[in-house]
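Please read the structure below before turning to the comments.
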Amino acid sequence: MSGSSSSECARIVRVLEGHYGHIPWWPGDTDEVLIGAVLTQQTRWENVVRALGLLKENSLCSVSALYDADHGEIERAIRCTGFYRVKTKRLKALATFVIEEYGGLALMAGYPTELLREGLLRVSGIGEETADSILCYGFHRSSFVIDAYTHHICGCAGIPEQKSRLKALFEEVLPSDPGTYRQTHAHIVEYAKEYCGKKRCEACILMNSNG
DNA sequence: GACCAGGTCCTTG
DNA sequence: CAAGGACATGGT
């Protein structure tokens with residue numbers, strides 16, 4: 001608890017890897033990851049899964065289908081994720097970006113990570129976390145995701161930094177391998193869900209006392 | 001019934 | 001630039 005921030009990051013990565021090992025996380029094709037990344041904004045993943053199921057039943061679970069769909073039918077399918085009106089607009093904006101700027105996901109996949117990230121951040125409703133989730137889980141790029149859980153856990157571990165700083169720290173510490181990026185983020189979120197209660201956060205106690 | 005969830009945008013100070 | 005509110009449904 002007295003090391004540099006980057007060594008603290010490395011410690012988190014090491015400890016959680018030992019604790020969880022490999023866990024499957026965010027399976028699904030690129031279309032599904034893009035859509036899920038928007039739907040999960042400020043929303044429980046279980047509700048996102050339901051919405052993805054409804055989208056599939058209505059043949060709407062793809063970027064190209066959303067591009068063609070009416071707002072009403074999208075809203076109906078994703079209502080259970082909350083913020084359904086604004087999320088429908090965001091999905092439409094994202095689909096429009098992918099189709100009109102790149103001609104589809106397959107072509108988009110041929111471009112470098114930084115270019116894609118800049119583009120995604122220009123889409124209304126796509127912020128840093130959503131963009132990085134799309135890059136990391138949808139396009140298998142080494143772009144580390146800092147979400148609320150990660151931010152919180154880093155605070156527990158004695159790294160009270162801004163999200164942008166944390167992203168740089170993890171990217172400095174991790175090997176440049178997309179699989180490791182995905183796995184590490186998954187570990188952190190699983191750990192947070194397991195140990196961060198509402199009233200008292202057990203993770204803060206565990207991570208400070210011991211490695 | 002209050003409180004929170006794997007954010008982002010817009011408005012204020 | 002930091003802080004606060006809006007967006008909305010579903011679970012505890």
Side-chain angles (χ1 to χ4, degrees), chain A residues 12-13 16 20 23-28 30 32-55 58 66 71-97 117-141 143-157 159-167 170-171 178 181-204:
Chain A
I12 293 172
V13 172
L16 294 183
Y20 289 109
I23 52 178
W25 221 63
W26 209 329
T30 305
E32 201 171 330
V33 171
L34 263 72
I35 296 165
V38 170
L39 295 183
T40 198
Q41 291 172 350
Q42 194 64 24
T43 302
R44 294 172 189 274
W45 183 251
E46 302 80 61
N47 294 332
V48 173
V49 171
R50 273 183 224 156
L52 289 172
L54 287 172
L55 287 170
N58 291 280
L66 291 177
H71 282 245
E73 49 182 343
I74 300 173
E75 288 182 355
R76 234 171 291 132
I78 72 170
R79 188 165 342 172
C80 63
T81 68
F83 304 130
Y84 62 90
R85 290 191 200 92
V86 67
K87 282 178 181 172
T88 293
K89 287 180 196 159
R90 291 173 182 182
L91 287 173
K92 270 291 192 184
L94 179 58
T96 300
F97 170 72
R117 190 168 196 274
E118 288 166 16
L120 286 167
L121 290 176
R122 265 184 257 117
V123 177
S124 171
I126 307 295
E128 311 251 337
E129 276 119 88
T130 307
D132 289 329
S133 293
I134 287 170
L135 291 169
C136 187
Y137 291 98
F139 290 101
H140 302 277
R141 306 301 176 89
S143 194
F144 198 74
V145 180
I146 304 291
D147 53 24
Y149 284 148
T150 309
H151 190 218
H152 175 81
I153 288 293
C154 287
C156 294
I159 319 171
E161 303 281 355
Q162 302 263 337
K163 289 183 174 180
S164 57
R165 171 71 180 135
L166 290 176
K167 175 177 168 66
F170 277 99
E171 294 187 349
Y181 273 55
R182 294 196 300 275
Q183 177 151 304
T184 299
H185 177 237
H187 286 158
I188 291 171
V189 173
E190 284 305 304
Y191 186 80
K193 285 181 171 176
E194 190 173 348
Y195 291 108
C196 299
K198 304 170 197 167
K199 288 209 62 177
R200 187 183 297 267
C201 176
E202 201 177 343
C204 290

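Fair warning: this is a prediction, and the values are worked out from it, not measured in the lab. Chain letters run A, B, ... following the sequence lines, proteins first and then strands; every chain starts at 1.
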- Item | Sugar-phosphate, base or nothing in reach of A:Arg90, heavy atoms under 4.0 Å | base
- Looking just at side-chain N and O atoms, do A:Ser164 and A:Glu128 make a donor-acceptor pair shorter than 3.5 Å? no
- d(NZ, A:Lys193; P, B:dC4) in whole Å: 18 Å
- Atom-to-atom span, NZ of A:Lys87 to C1' of B:dG7 - whole angstrom: 9 Å
- How close or far is atom P of B:dT8 from atom CG of A:Leu121, stated in whole angstroms? 9 Å
- Task: Check whether any side-chain heavy atom of A:Leu91 sits under 4.5 Å from a side-chain heavy atom of A:Leu39, and report yes or no.
- Result: yes
- Task: Would you mind telling me which of C:dG10, B:dG7, C:dA8 lies closest to the side-chain atoms of A:Gln42?
- Result: B:dG7
- Message: Using side-chain heavy atoms (C-beta onward) and a distance below 4.5 Å, is A:Arg182 in contact with A:Tyr137?
- Response: yes
- Task: Salt-bridge test for A:Glu75 and A:Lys87: reply yes if a basic N is under 4.0 Å from a carboxylate O, no otherwise.
- Result: no
- Message: Checking contacts here: which listed nucleotide (B:dC4, B:dG7, C:dA8) is nearest the side-chain heavy atoms of A:Ala148?
- Response: B:dG7
- Query: Would you say C:dA8 has OP1 or OP2 under 4.0 Å from some side-chain N or O of A:Thr43?
  - Reply: no
- Note on the structure: Of A:Gly125 and A:Ser133, the one whose closest nucleotide on DNA chain B sits nearer the 5' end is A:Ser133
- Message: Measuring from the side chain of A:Phe83 (C-beta onward, heavy atoms only), which nucleotide among B:dT8, C:dG11, C:dC7 has the closest atom?
- Response: C:dC7
- Message: When you measure from the side-chain N and O atoms of A:Arg50 to the phosphate of C:dG11, is any distance below 4.0 Å, counting only OP1 and OP2?
- Response: yes
- Note on the structure: Using Watson-Crick geometry (N1-N3 plus N6-O4 or O6-N4) or G-U wobble (N1-O2, O6-N3), each under 3.5 Å, B:dG1 is paired with none
- Which is true for A:Glu46 with a 4.0 Å heavy-atom rule: it touches a base, it touches only sugar-phosphate, or it touches nothing? nothing
- Which comes earlier along DNA chain B counting from the 5' end, the contact point of A:Val123 or that of A:Thr40, where each point is its nearest nucleotide? A:Thr40
- Message: What's A:Thr130 touching, base or sugar-phosphate or nothing? Going by heavy atoms closer than 4.0 Å.
- Response: sugar-phosphate
- Item | Spacing between A:Arg85 atom CZ and C:dA6 atom C1', to the nearest angstrom | 12 Å
- Item | Between A:Ser143 and A:Lys167: side-chain donor-acceptor atoms closer than 3.5 Å | yes
- Whole-Å distance separating the CG atom of A:Leu91 from the P atom of B:dT8: 13 Å
- Message: Quick one, A:Trp26 and A:Ser133 - any side-chain contact, counting heavy atoms below 4.5 Å?
- Response: yes
- Message: Counting only side-chain heavy atoms from C-beta out, which of C:dC7, C:dG10, B:dT8 sits nearest to A:Asn47?
- Response: C:dG10
- Message: Distance check needed: C:dA8 P versus A:Arg76 CZ, whole Å only.
- Response: 16 Å
- Task: Identify which nucleotide among B:dA5, C:dA2, C:dT9 has an atom closest to any side-chain atom of A:Tyr84, counting heavy atoms from C-beta outward.
- Result: C:dT9
- Is the distance from OP1 or OP2 of B:dG7 to the nearest side-chain N or O of A:Gln41 less than 4.0 Å? no
- Hey, does A:Arg44 reach any base, or is it just sugar-phosphate, or nothing, if we go heavy atoms under 4.0 Å? base
- Task: Using the P atom on both, measure B:dG1 against C:dA8 and round to a whole Å.
- Result: 23 Å
- Tell me: CD of A:Glu75 to P of C:dT9, nearest whole Å? 11 Å
- d(CG, A:Leu34; P, B:dG7) in whole Å: 17 Å
